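As the structure is a prediction and not an experimental result, all values here were calculated from the model. Every chain is numbered from 1, with letters handed out A, B, ... down the list of sequences.
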Number of protein chains: 2
Amino acid sequence: MKTTMADLAKHLGISEATVSLALNDKAGVSPRTKKKVQDAAKSLGYTPNFFARGLATQKSSTIGLIVPEVENPFYSKLTQSIEELVRASGRHLILGFSDFSLETEQEVMERFANMNVDGIMVSPVYIRDTTSAYRDAVRTSKVPIIYVGAYYYDFPSSFVMTNLMDGSFSLTEHLLSNGYRNIVFLCGQEGVVISKEREIGFRSAYAQRGLSLETARIIRCDKLRFEEAFEVTKKLLLEETKPDAIITVNDIMALGAMRAVRESGLQLPKDVAVAGYDDVIFSSIAEVPLTTVRQPVQEMAQLSVDSLLQLISEDEARSPIQLKISPQLVLRQSTLPI
Amino acid sequence: MKTTMADLAKHLGISEATVSLALNDKAGVSPRTKKKVQDAAKSLGYTPNFFARGLATQKSSTIGLIVPEVENPFYSKLTQSIEELVRASGRHLILGFSDFSLETEQEVMERFANMNVDGIMVSPVYIRDTTSAYRDAVRTSKVPIIYVGAYYYDFPSSFVMTNLMDGSFSLTEHLLSNGYRNIVFLCGQEGVVISKEREIGFRSAYAQRGLSLETARIIRCDKLRFEEAFEVTKKLLLEETKPDAIITVNDIMALGAMRAVRESGLQLPKDVAVAGYDDVIFSSIAEVPLTTVRQPVQEMAQLSVDSLLQLISEDEARSPIQLKISPQLVLRQSTLPI
DNA sequence: ATGAAAGCGCTAACAG
DNA sequence: CTGTTAGCGCTTTCAT
């Protein structure tokens, strides 16, 4: 069996309470006994029992992060950055995957809540409307929640994200000003958080130039992943009126579209341009470096962790923290002037 | 305060023990009370307290996974795959990062052990020798540990990995047979697990052809990451006897080398070829698709989870499970015949 | 400065 | 089938 505090106390002939105080470096113990206890702990290989401590203190010094998945480098970089910041704050990060399911997201949230995490960060799933069960869970949650990268429209919450509308607008405007006209926008289902704002940006860029936008030029995907973008683009390129440019909702999809362009024997960007969103590291090393909109992940991580810690330290309910930071257009070879 | 079992018991006028049995769907409760309890639980919004349960049962239905980081897509894909399998086995995955530090790896292992995880999977850090403290921790661990992707040489353990030597051998042989002679191998520090075997493969390919190998052609890197490979390659290409091919220990480094080649104004693979190891998804969409050695991550995940579950179910100590699976050479444009 | 004792929420014998 | 009781290992008043 593992060494417990009781073992230590017995071994040293002192009380368990004193051992606890000594080990946690609290006041009320003489330096001598403190040292004695700590030495004994080391030599007997004592390590605190996570459950016992959690049960007694009702807290875990842990922050929960929920992301849809971690294969998309945007999420892995976000995860990585957040982990470092959380660790630096003296807490542990515990990671959960929602797997793009709102229900799973809620399950994980509840699991985290039962672990008495200090706070929860969630990067939302690509869904249009939350369920009332979900909203109830969030509303009645005792632990602070902050959304990162996007948020849900149908209830108020704290969030940190880039201004997706702006990013999308400037990207679209960039293409239009470069002479592209027949642009296809590969986005998510209507109302999906990260799609909707970007779609507005897309539309306004057209509107501002007084150009009309064929509605068919907005194609909705379910999974916002490499494969689906690849498939959709392949089909697209077989149509009679091929697009001259393709914009996607994230870089991974852009890379998928790019692959499809190549496999269709077309030149990029001569025959068709491609642009993405996120600026994940692989975008710069793609066969044709990708024009995209940078989400400053590091900064988003920093702001969201800071905000969450703030929400945690303020005991009382307060108005939500809502931060939108400016994205940055990154021009590369995948969208040269026509 | 959150609803507890005591609340439920009081509310229903029955004992806490019965509530526990009912909620856990155990035998010894009448269907009627069981239903009653479960309904009450739902309506009062009861959720079990993770700590209390963990403390009482001494188990957590959790598996711990430790990876160095998650930005390298090899690790993120591994993490993703393992998570799905673990979830399918009815347990939770808890993830920890070693951040390439053996000490951190050990800390996380101990944290997991204190959480009474059912088992631990670890993808080792790039280090030559483990410390005796580390080995002690592993040896005395009550919870089964399995290494994934590599293992440590200096003590016996269970592991699942690809045959790195074979992979490296066939990759090198491929280059030699294509006419490349001045090959540089970017590997890790001497004795580092994932480097050593690959170095042996590299050397034997030369040996088999009776070619001698200038020792200078093996360059040791500390961080096996994009940036370092980039820097090292840049310098390399300024030397008088430029290499005609560069092999790296993983794909991320290969992509870094590739970028350096491009920025040096050289043609790839005409002036210098590049090959990697892992076959992460981005290797196929790189500016020049990368020749590499595929590690079947899915299969490794499956085998390692299966093996771990097996170690868990067998109460008694048994001889370690050690699986080496065959890697597969993937030829792409980054290493065309000279 | 130290110890005694209660309790965190749940499970697991053991009685009844 | 249900209730009683005793912990799991730690923290935390409150005495001493």
Side-chain angles (χ1 to χ4, degrees), chain A residues 1-38 40-41 44-62 110-118 142-143, chain B residues 1-38 40-41 44-62 110-118 142-143:
Chain A
M1 218 34 227
K2 283 198 46 181
T3 329
T4 70
M5 279 186 39
D7 297 334
L8 285 185
K10 185 139 48 93
H11 179 76
L12 294 169
I14 61 179
S15 84
E16 223 172 308
T18 307
V19 173
S20 172
L21 292 179
L23 253 27
N24 292 309
D25 212 29
K26 294 204 174 162
V29 201
S30 75
R32 271 199 38 229
T33 27
K34 187 174 287 187
K35 172 121 183 44
K36 220 171 49 183
V37 173
Q38 282 163 354
L44 295 191
Y46 168 82
T47 52
N49 179 304
F50 178 77
F51 294 108
R53 175 178 298 200
L55 183 55
T57 59
Q58 305 285 31
K59 48 202 187 80
S60 58
S61 297
T62 291
E110 285 171 359
R111 183 155 59 87
F112 284 178
N114 293 333
M115 298 182 59
N116 293 315
V117 295
D118 298 340
K142 310 306 283 180
V143 340
Chain B
M1 216 36 227
K2 282 199 47 181
T3 329
T4 71
M5 277 185 41
D7 297 335
L8 286 185
K10 187 138 46 90
H11 180 75
L12 294 170
I14 63 179
S15 84
E16 222 174 310
T18 308
V19 174
S20 172
L21 292 179
L23 252 26
N24 292 308
D25 213 27
K26 293 204 173 161
V29 202
S30 75
R32 267 197 42 226
T33 29
K34 188 174 288 186
K35 173 118 181 49
K36 219 170 52 183
V37 173
Q38 283 164 353
L44 295 190
Y46 168 83
T47 53
N49 179 305
F50 177 77
F51 294 107
R53 174 177 298 190
L55 184 56
T57 57
Q58 306 284 32
K59 47 201 187 78
S60 59
S61 296
T62 291
E110 286 172 357
R111 182 154 60 86
F112 284 178
N114 293 332
M115 295 182 62
N116 293 314
V117 295
D118 296 341
K142 311 304 285 177
V143 341

Atom-to-atom span, [atom1] of [X] to [atom2] of [N] - whole angstrom:
X: A/Arg32; N: C/dA1; atom1: CZ; atom2: C1'; answer: 12 Å
X: B/Lys35; N: D/dC1; atom1: NZ; atom2: P; answer: 17 Å
X: A/Phe50; N: D/dC8; atom1: CZ; atom2: C1'; answer: 15 Å
X: B/Leu23; N: C/dA12; atom1: CG; atom2: C1'; answer: 16 Å
X: B/Leu8; N: C/dT11; atom1: CG; atom2: P; answer: 12 Å

When you compare the side chain of B/Ile14 with that of B/Val37, does any pair of heavy atoms fall below 4.5 Å?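 Answer yes - side chains close enough.
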Which is more 5' along DNA chain D, the nucleotide nearest B/Leu21 or the one nearest A/Asn24? Just name the residue.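 Nearer the 5' end of the strand: B/Leu21.
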Look at the side chain of [X] and decide which nucleotide, out of [options], has an atom nearest to it.
X: A/Glu16; options: C/dA12, D/dT11, C/dT2; value: D/dT11
X: A/Asn49; options: D/dT12, C/dA12, D/dG9; value: D/dG9
X: B/Met5; options: C/dA1, D/dT11, C/dC10; value: C/dC10
X: A/Arg53; options: D/dT2, D/dC10, D/dC8; value: D/dC10
X: B/Leu55; options: D/dC10, D/dT2, D/dG9; value: D/dG9
X: A/Ala56; options: C/dT2, C/dC8, C/dT11; value: C/dC8
X: B/Gln58; options: D/dT12, C/dG9, D/dC8; value: D/dC8
X: A/Ala17; options: C/dC10, D/dG3, C/dA4; value: C/dA4
X: A/Thr4; options: D/dG9, D/dT12, D/dC1; value: D/dG9
X: B/Thr33; options: D/dT11, C/dT2, D/dT2; value: D/dT2

Report which part of the nucleic acid A/Tyr46 touches: base, sugar-phosphate, or nothing (heavy-atom distance under 4.0 Å, all strands).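 The residue A/Tyr46 makes sugar-phosphate contact but no base contact.
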Need one value for A/Lys34: base, sugar-phosphate or nothing, where a base atom within 4.0 Å counts as base even if backbone is also close, heavy atoms only.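 If one applies the 4.0 Å heavy-atom cut-off, A/Lys34 turns out to touch nothing in the nucleic acid.
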Report yes if a side-chain nitrogen or oxygen of [X] is closer than 4.0 Å to either non-bridging phosphate oxygen (OP1 or OP2) of [N]; otherwise report no.
X: B/Ser15; N: D/dT2; value: no
X: B/Thr57; N: C/dA12; value: no
X: B/Ser20; N: C/dT11; value: yes
X: B/Lys26; N: C/dA12; value: yes

Carboxylate-amine/guanidinium contact B/Lys59 B/Asp118, below 4.0 Å: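 Salt bridge flag = no for B/Asp118 with B/Lys59.
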For the residue pair [X] and [Y], what are the closest heavy atoms and their distance?
X: B/Met5; Y: B/Glu16; answer: CE-O, 3.3 Å
X: A/Phe51; Y: A/Asn49; answer: N-OD1, 2.7 Å
X: B/Ser60; Y: B/Asn116; answer: OG-O, 2.9 Å
X: A/Lys34; Y: A/Val29; answer: N-CG1, 4.1 Å

DNA chain C: 5'-proximal contact among B/Phe51 and B/Thr18 (nearest heavy atom):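 Checking each residue's closest nucleotide, the 5'-ward one belongs to B/Phe51.
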